[in-house]
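Down below is the structure, laid out as structure tokens.
If you're wondering where the values come from, they're calculated on a predicted model, not measured in any experiment. Just so you know, these numbers use all the heavy atoms, side chains as well, and skip hydrogens, waters and symmetry mates. Sequence lines set the chain letters: A, B, ... in the order given, protein chains first and strands last, and positions in each chain run from 1.
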Amino acid sequence: MAIYSGSEGMIDLFEQQTSQLKQSHFLILYWVTQAEDRGVRYNITNVFDDLKALGITRTKQNAVAYVETLAALCFIQVRDESNRKNLYITTHGARALKTLLTSRNFSYQPSTFLEAAS
Amino acid sequence: MSIGIGGAGSKLASMLDHGTCTIVNVSDVELNKVEASTKIRAVIHSHRGQYRGSRKSPELGRTAFASVSDKMLELIQGQILFSSTGGGTGNGLSSELLESLSGMRNVPTLDKTTFAFVLPYPDREATEFVDNTIEFLGGPLSMAIDGGNTGNIILFSNREKFLRKLPEAEYNALLIDSLERFLAIPDKGAEHHLLDGHIDYEDFSLYQSRPYFNHFTQFVYDPQLPFAQQLTSNYNPLLLPPAAAIEALFLLEVPDPHQTPAFYQVLDHFAKEGVAPVYSVVHNPTLSEPLMTLSILYSRKPLELVEDFTSISEKSKRTRLEKSLDQHVTLARLDVDLEGEAKKLATKRGDNGEEIIATLKRLGKL
């Protein structure tokens, strides 16, 4: 099943990019989607807090690195809004998340920030 | 003086003459357990200290030999050395000793060492003991026999211990008693009135310096019965059974000097095998019947001994294997649909992929 409607080389590239994503990348994509759906602004600090709460990382540098990776792959967009770097999923990110959902066995874990916000 | 190597060897040496024996071990704990005039600790490089033995590993015993080699090669000259072949220390140190001896040019007759080895009973003892013994018989012992630089080699077997269900100390006492009866032959010759033949201390030492297996036994001798029949029914059960005799030595003690000619029958028996025994007939008035103390030197290729052990060992391994096959239970195959189970769990938790995809579609991202 072709997920990406580009040329064959681009499909390969996309598959390689998504195949290297980890659980933390998956969670960020998942939380960003949920936040956008609920109309809540979700920023890098929230990502750090949520990953820290789950024991995935203890340093902000790691959280920033995950976010920058996803931004560099154009899977999320980082927008400077009111002195905050808010995150939004892109169409590429949406396709990546769909791929991860159907092909890999990542576990869903809740965002502490979003649970508190709802 | 006797020398005991390892746990089992030390106990036997101490039992034979604790006043003058020397024991060698790699473990301080084991050395302290046994009474001996000299105790030698062979050094192994262990960061935990030398409180444990070699745990059935002959390699540890072999490594430890380097620290005591010169001392031991000097110490064993003309002595009796006890060791087991199943454990680690006895097997390892004895292996190195035998290999060193077999590499020597010519050991003077009176400096040759009598080796007494205790072999495990394969039907009852741990596989490690049996495997160590098989390696020992096929390797160092075989080399030593080819080299011809040892004295008599006595092969005690633990078989009788298990068959008669004897405590270890009691069994060791039996082994030592049996050996002492053999070693007492020249003393008895000197003590009692000699009726025929003569075994003096020099003859006895010379006999002990022959590099063959020694099977000795003692039994009440009935001159009216064929000797061959009496011999086969009175083999020493504490030793491995002998093969054809190469040399023989016997002491016949008779309560009545008129019974002296009875020994000719024994000579006739050995003459048929081409062997002329060294013998002594003495008058022992304390006895009620003639008593025969006899030793046969025989040679068996170590390979044959190994085959005996291997066949018994293989038989018991096969039995164990059959038992483990009997116990094997075929488990019913469970087909678990992991993906389906994961989806069910996700649905139960309210999160599932389809919901997210729907969300992404709603957001116009897909």
[X] atom [atom1], over 12 foreign heavy atoms within 6.0 Å:
{"X": "B:Lys39", "atom1": "NZ", "result": "yes"}
{"X": "B:Asn32", "atom1": "CG", "result": "yes"}
{"X": "A:Arg84", "atom1": "CZ", "result": "no"}
{"X": "A:Arg38", "atom1": "CZ", "result": "yes"}

Could you tell me the separation between the [atom1] atom of [X] and the [atom2] atom of [Y], rounded to the nearest 0.5 Å?
{"X": "B:Leu360", "Y": "A:Thr91", "atom1": "CG", "atom2": "OG1", "answer": "10.5 Å"}
{"X": "A:Lys98", "Y": "B:Lys361", "atom1": "NZ", "atom2": "NZ", "answer": "5.5 Å"}
{"X": "B:Glu355", "Y": "A:Leu101", "atom1": "CD", "atom2": "CG", "answer": "11.0 Å"}

Could you go through the side-chain contact (heavy atoms from CB on, under 4.5 Å) check for B:Lys365 and A:Thr90 one step at a time? CA-CA 7 Å; B:Lys365 305 287 171 98; A:Thr90 64; over 6 Å; no

To check you understand the geometry: which heavy-atom pair defines the closest contact between A:Thr33 and B:Leu363, and what is its length? O-CD1, 3.9 Å

Do A:Gln34 and B:Thr359 pass the side-chain contact (heavy atoms from CB on, under 4.5 Å) test, and can you show the C-alpha distance, the side-chain angles, and the key distance before you say yes or no? CA-CA 8 Å; A:Gln34 279 191 321; B:Thr359 309; over 6 Å; no

